Amino acid sequence: MAAEDEGEVERKIYEERRAKGESWKQHGLNPFGNGFRPQHTCGKVVKDHANDTAEQLEEAPPAPYRLAGRVVSIRSFGKAAFLVLQDRTGTLQIHVKADVLGPAYAPMADKLVDVGDFVGVEGTLFRSKTGELTIKATTFKPLSKALRPVPGKFAATEEGAKFLEENVGSLADVEQRYRRRYLDLLSNRDVRETFRKRTKLVQFIRNYLDARDYIEVETPMMHPLVSGAAARPFKTHHNTLDLDLYLRIAPELYLKRLVVGGFDRVYEINRNFRNEGISTKHNPEFTMLEFYEAYATYEDLMDLTEDMLAEASQFVTGGTRVQYGEHSIDFKKGWPRIPMLEAIRQKLPELSDKDMRDLDKLRHVTAKGVDEKEKAAISQMNLGEVVGALFEKHVEGTLVQPTFITQFPVETSPLARRNDAEPSITDRFELFCVGREIANAFSELNDPIDQEGRFKSQLDAKARGQEETMDFDADYIRALEHGLPPTAGEGIGIDRLAMLLTNAPSIRDVILFPLLKPQKT
RNA sequence: GGGAGCGUAGCUCAAUUGGCAGAGCAAUGGACUCUUAAUCCAUAGGUUGAAGGUUCGAUUCCUUCCGCUCUCACCA
């Protein structure tokens, strides 16, 4: 039934289309049928014959094609009509004629086929007088009735798509695009393209890591403890066990347990959940790649990362140079690697080497121009935390081209290995691009005694009022006590990477069904 | 949570200083056997997001609410 909150027009169209579906039965057609099996696809037919002339097709016509898809355009002339058929591969024009089809043309003559319906056709390929590759249908079978119309005009052909892009889009209402993604997908070509690229990206990463002898695993989404990152979790509950659980904020500690177990090249591409704000760069559930390689260092992972992302860009977009908004991003290998303190001092040259170890001085500099609430938070920070805050405030947003920032303070890196020469910093890097963090990696802390101390520091931070802290994971310590080989690990935000490679301004443009407030009726 | 903006027909958008709520596409009826934004003739389609207020009169001004977008904060 049409919903009660609909407008008159919408309800009328619905009723009319239902009645048309009923009329299909008089022609022996099931309005919600099944059993038509296409043997070819629109995109392949067009590709295979793109260079065939009208004469070639007439003299040596290819064997008949059997296709099925959604009707996205109808141009009817009474006893003949041109339809545009869309399937997963593309579109192809169909010519249906009363004299060729005989009784099978009746549903067209009676105007029982609408844009949005699915049909199956069989016929031979020719070029129409205007030169377009077209199937002359010898079989025409409506398959499935669409009771609701598609939104507005279809971008059915290249020319039509171009027109709609340059003028009014089919579905422009941002909220509707996210809420009813199926309409967005079926009416907007560039949206289909974006999600295909996202899929290609994930496919590429899997192949890349598989080729390097990594194995893909799945670890728990429901965690008894908060671990692996600094974020607030979602809480849930298991009834039978009467057990409170958290949706995972990161898989890190489970993956490293697997390295202890001997899976010493391991990765997971899966969802993380963080109970934080929603923005164009944050969705509460998002996809993360994490991978761990024994006997590698964080420096090895920098090499791997620039190689993997340069190749991913090539695979997904066809080149290493990518336009993102106003920026032209170059993923070609050889990205700058800058220690965090150095990056800060490049932006704030007035700070001396000595200043960078002066907690009061740094607190003072960081607190410049911020509100009282933030000032209070800064006054509680330790040296590492204030360095991190200074970096985020003055440097992060300025890193447009891919840049590795290395040597993070130990206080903000509770799972990373200390630097051998300078124990106050860790063997860690983050990758930034367009002012955003794309990747985070480090040589793993495999010293269980040090790890125990770091967990305790997290508890102290929690006691100081910090909400985003890790729990003490005694079983993880025990795993480390059984021996974690020297290992480096990395996390890459797949959504943010997909944004870069598809020129998407919002993370919602690369997540099929982003979280929205439920619609009130 | 703070700030800014938006909400008009199924879709995309107009509406002058507060003065009869409109167009294109989609829909419906009709014509039409090579169109591709098909064309031509005709018809229908509205609680202007919701509630309240000011006014002779509100799409327009005010208040509250709902929803969305952007942005700041938070968030690797």
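Worth knowing before you read on, the calculation uses all heavy atoms, side chains too, and leaves out hydrogens, waters and symmetry mates. These figures come from a predicted structure and were not determined experimentally.
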Interatomic distance at [atom1], [N] relative to [M], whole Å:
N	M	atom1	value
B:G49	B:A15	P	15 Å
B:G5	B:C62	P	11 Å
B:G18	B:A4	C1'	26 Å
B:A21	B:C25	P	24 Å
B:G24	B:C40	P	11 Å
B:G29	B:A44	P	15 Å
B:U16	B:G7	P	13 Å
B:U55	B:C61	C1'	10 Å

Determine the contact category for [X]: base if any of its heavy atoms lies under 4.0 Å from a base atom, sugar-phosphate if only primed atoms, P, OP1 or OP2 are that close, otherwise nothing.
X	result
A:Arg274	sugar-phosphate
A:Glu430	base
A:Tyr105	nothing
A:Arg17	nothing

Determine all donor-acceptor pairs shorter than 3.5 Å in which one atom belongs to a side chain in residues 93-100 of chain A; sequence neighbours excluded.
| from | atom 1 | to | atom 2 | distance (Å) |
| --- | --- | --- | --- | --- |
| A:Gln93 | OE1 | A:Arg75 | NH2 | 2.9 |
| A:Gln93 | NE2 | A:Thr134 | OG1 | 3.0 |
| A:His95 | ND1 | A:Ala81 | O | 3.2 |

Taking the six-membered ring for Trp, are A:Phe472 and A:Phe455 ring centroids under 6.0 Å apart?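 Close enough - the centres of the two rings lie under 6.0 Å apart.
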Decide if the gap between the ring center of A:Phe513 and the ring center of A:Tyr182 is smaller than 6.0 angstrom.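 No.
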Distances under 3.5 Å between protein N/O atoms and the N/O atoms of nucleotides 69-71 of chain B, please, pair by pair.
| from | atom 1 | to | atom 2 | distance (Å) |
| --- | --- | --- | --- | --- |
| B:U69 | OP1 | A:Arg508 | NH1 | 2.1 |
| B:U69 | OP2 | A:Arg508 | NH1 | 3.3 |
| B:U71 | OP2 | A:Thr280 | OG1 | 3.4 |

Mind checking salt bridge (charged side-chain N to carboxylate O under 4.0 Å, His left out) for [X] and listing every partner two or more places apart, or none if nothing turns up?
X	value
A:Arg436	none
A:Lys375	none
A:Asp87	none

Do NZ/NE/NH1/NH2 and the carboxylate oxygens of A:Lys20 and A:Asp117 come within less than 4.0 Å?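 A salt bridge is absent here (no side-chain N lies under 4.0 Å from a carboxylate O).
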Residues two or more places apart in sequence or in another chain: which of them pass ring pair (Phe, Tyr, Trp, His ring centres under 6.0 Å) with [X]?
X	value
A:Tyr65	A:His40, A:His49
A:Phe234	none
A:Phe404	A:Trp335, A:Phe429

Between A:Gly277 and A:Thr134, who's closer to the 5' end of RNA chain B by nearest nucleotide?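 Result of the comparison: A:Thr134.
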Could you say whether A:Lys111 or A:Ser76 is positioned toward the 5' end of RNA chain B, judged by the nucleotide with the nearest heavy atom to each?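 Looking at RNA chain B, the more 5' nearest nucleotide goes with A:Lys111.
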Which atom pairs link the protein and nucleotides 1-6 of chain B when you take only N or O atoms and keep those under 3.5 Å?
none

What's the closest nucleotide to the side chain of A:Lys129 if the choices are B:U33, B:C34, B:U35?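 In terms of side-chain proximity for A:Lys129, the closest of B:U33, B:C34, B:U35 is B:C34.
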Which nucleotide in the list B:C68, B:U33, B:U28 gets nearest to the side chain of A:Lys20?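 Looking only at side-chain atoms, A:Lys20 lies closest to B:U28.
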A:Arg75 side-chain N/O to B:A38 phosphate OP1/OP2 under 4.0 Å: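 Answer yes for this pair, as a side-chain N or O of A:Arg75 is under 4.0 Å from OP1 or OP2.
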Side-chain N or O of A:Arg179 closer than 4.0 Å to phosphate OP1/OP2 of B:C68: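 A:Arg179 to B:C68 OP1/OP2: side-chain N or O found under 4.0 Å.
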Face-to-face contact A:Phe77 to B:U33 six-ring, under 5.5 Å, under 30°: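 Not stacked by the 5.5 Å and 30° rule.
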With no angle test and no hydrogens, is the base of B:U35 tied to the side chain of A:Gln93 by a donor-acceptor pair under 3.5 Å?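 Pair found.
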